[in-house]
Every structure is written in structure tokens, then in C-alpha cells.
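Quick notes on the structure that follows.
As the structure is a prediction and not an experimental result, all values here were calculated from the model.
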Amino acid sequence: ILFSLIVAASLIILPQCKAQALSVGDYFTIRYTASLSQKQVSGSLPFLLDITVEAICKNDLPISVSSALITGSILARNTTTGQSVDLIPSYALDISPFPNQAGETYRATQSLILKFPSNCPSGSYSIIGETIEAKVKAGIWINVTTYLSTGIVFGSIDYSSDTAISRQAK
């Protein structure tokens with residue numbers, strides 16, 4: 001999600017540049033990693049999603065962005081049925097200060113505790129981060145949500161519901 005926000009901020013900035021760099025890659029090197037603490041989870045047991053993002057500004061931005069605010073959600077999408085369930089319906093990330101000058105780096109690590117809802121069917125699920133709203137502050141707040149990707153897949157997990165577990169015990 002952080003990657004998407006930096007991309008969106010650059011898309012707002014880039015049209016204001018006449019003969020300058022033409023892509024986000026001209027301004028940022030972005031490294032992104034995510035890992036799940038487990039590949040299988042049962043019932044209501046929690047599991048961790050660790051996300052690390054590093055954005056390194058390669059060239060000075062043509063306008064100053066002081067901060068960014070992103071609101072997102074984490075969901076699990078069943079890989080067979082396509083049905084989605086919310087794991088974290090809403091959370092906010094404040095990126096301040098925002099990297100503007102060549103050589104400046106923003107690095108963030110988040111550990112999120114996730115848990116499947118009790119009524120969730122068993123199956124294989126993709127864990128996905130989705131953007132609800134994103135904005136950057138460049139003097140005024142600018143909504144950049146429409147410039148973001150629809151979702152980032154963090155990994156996959158096999159889930160067994162409490163119902164499936166009790167059937168196996170019988």
C-alpha cells in the first residue's frame with residue numbers, strides 16, 4: 001500500500017513537470033517485502049503479517065510533499081470461490097516526512113495481527129492489502145486514491161474453520 005501511495009504522489013507531481021523525469025521509477029527505488037508467520041491456520045488462531053517497505057528518492061521532486069496519509073484494509077480472498085472476508089477493515093498509515101530529495105529514504109515495518117472471522121469457510125486464501133483512501137500534502141491535501149493499484153497480494157494461507165476441525169475430531 002505504501003508503494004501505491006508513493007506511485008500516486010509521483011503521478012500527481014509528474015504532470016506538473018515539463019521536461020523532467022517521466023516515470024515513478026525516475027524518482028524512486030522501491031523495495032517491498034511481506035511475510036506471513038504461518039502457511040496454515042485453524043479456527044480463530046491469530047497469525048502475523050509482517051510488511052516492510054523502503055522508498056529511496058533518486059531525484060529531487062519538483063514540488064514539496066510534506067506527508068502522506070493512507071487508509072487501507074487487509075482482506076482474505078478465497079482462491080477458489082473469489083469470496084472475500086475482512087481481516088482488518090480499516091487502518092491508517094501516516095508517512096511523514098515524505099522523501100522529496102535525492103538520497104532521502106522512507107522505511108516502514110508493520111506487524112499486523114490477523115484472524116479469520118468465525119463464520120469463514122475453510123480453503124486457500126490470498127492475503128491482500130487494499131487502499132480505501134490516499135492523500136498527499138503538498139501545501140494542500142490532494143486525494144490520490146484513483147492513482148493507486150486495486151490491491152497488493154501479500155501471500156497465501158490455508159485456513160481450516162472451527163467447523164472443519166470439529167468434523168475431523170469425530
Side-chain angles (χ1 to χ4, degrees), residues 1-38 46-78 82-117 125-157:
I1 294 174
L2 175 62
F3 168 77
S4 298
L5 184 59
I6 291 171
V7 169
S10 297
L11 291 173
I12 292 290
I13 293 164
L14 292 176
Q16 298 177 23
C17 311
K18 296 195 168 117
Q20 296 186 18
L22 300 174
S23 76
V24 172
D26 291 332
Y27 286 103
F28 292 100
T29 298
I30 298 174
R31 297 183 186 104
Y32 157 84
T33 59
S35 64
L36 293 165
S37 62
Q38 297 172 238
F47 59 100
L48 287 177
L49 170 62
D50 292 318
I51 307 166
T52 300
V53 175
E54 182 179 59
I56 303 166
C57 189
K58 297 189 306 187
N59 293 302
D60 293 352
L61 298 182
I63 63 171
S64 179
V65 175
S66 61
S67 63
L69 182 62
I70 187 163
T71 305
S73 66
I74 305 292
L75 59 91
R77 181 168 294 135
N78 187 299
Q83 179 183 1
S84 295
V85 294
D86 284 330
L87 301 180
I88 299 179
S90 180
Y91 73 93
L93 175 65
D94 184 7
I95 303 167
S96 183
F98 194 87
N100 283 276
Q101 305 277 319
E104 291 181 344
T105 300
Y106 179 83
R107 182 179 173 89
T109 300
Q110 289 186 317
S111 291
L112 303 171
I113 299 171
L114 306 176
K115 185 170 81 166
F116 280 89
Y125 287 83
S126 295
I127 306 302
I128 301 169
E130 290 195 338
T131 303
I132 296 170
E133 180 183 43
K135 52 190 176 180
V136 295
K137 189 170 188 179
I140 61 169
W141 284 103
I142 302 167
N143 189 313
V144 294
T145 307
T146 58
Y147 296 98
L148 303 183
S149 64
T150 56
I152 299 171
V153 177
F154 295 125
S156 61
I157 197 163

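- Here the CD-CG distance, from Glu104 to Asp60, works out to 8.0 Å after rounding to the nearest 0.5 Å.
- Nearest heavy atoms, Tyr125 versus Gln83: CE2-O, 4.4 Å.
- At a threshold of 4.5 Å between non-hydrogen side-chain atoms, the residues Trp141 and Ser67 count as touching.
- Side-chain contact check for Thr71 versus Ser90: some heavy-atom pair is nearer than 4.5 Å.
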Run the numbers on Leu48 and Ile113 for side-chain contact (heavy atoms from CB on, under 4.5 Å), then give the verdict.
CA-CA 5 Å; Leu48 287 177; Ile113 299 171; 3.5 Å; yes

Give the intermediate values and the outcome of side-chain contact (heavy atoms from CB on, under 4.5 Å) for residues Leu87 and Phe116.
CA-CA 6 Å; Leu87 301 180; Phe116 280 89; 4.2 Å; yes

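- The OG atom of Ser66 sits 10.0 Å away from the CZ atom of Phe98 when rounded to the nearest 0.5 Å.
- Within a 6.0 Å sphere centred on CD1 of Ile132, other residues, nucleotides and ligands contribute more than 12 heavy atoms.
- No side-chain heavy atom of Thr52 sits less than 4.5 Å from a side-chain heavy atom of Asp50.
- Rounding to the nearest 0.5 angstrom, the gap separating the CG atom in Leu112 from the CD1 atom in Ile88 is 4.5 Å.
- Contact check for Ile74 versus Pro89: no side-chain heavy atoms found under the 4.5 Å cut-off.
- Residues Asp94 and Ala68 share a closest heavy-atom pair of OD1-O, 3.2 Å.
- For Ser126 (side chain) and Val153 (main-chain N/O), no donor-acceptor pair under 3.5 Å exists by modelled atom type.
- For the residue pair Thr145 / Asn143, a side-chain donor-acceptor distance below 3.5 Å is found, with atom types taken as modelled.
- Here the CD1-CD1 distance, from Ile152 to Ile127, works out to 14.0 Å after rounding to the nearest 0.5 Å.
- Taken to the nearest 0.5 Å, the CD1 atom of Ile70 stands 6.5 Å off from the CD1 atom of Ile95.
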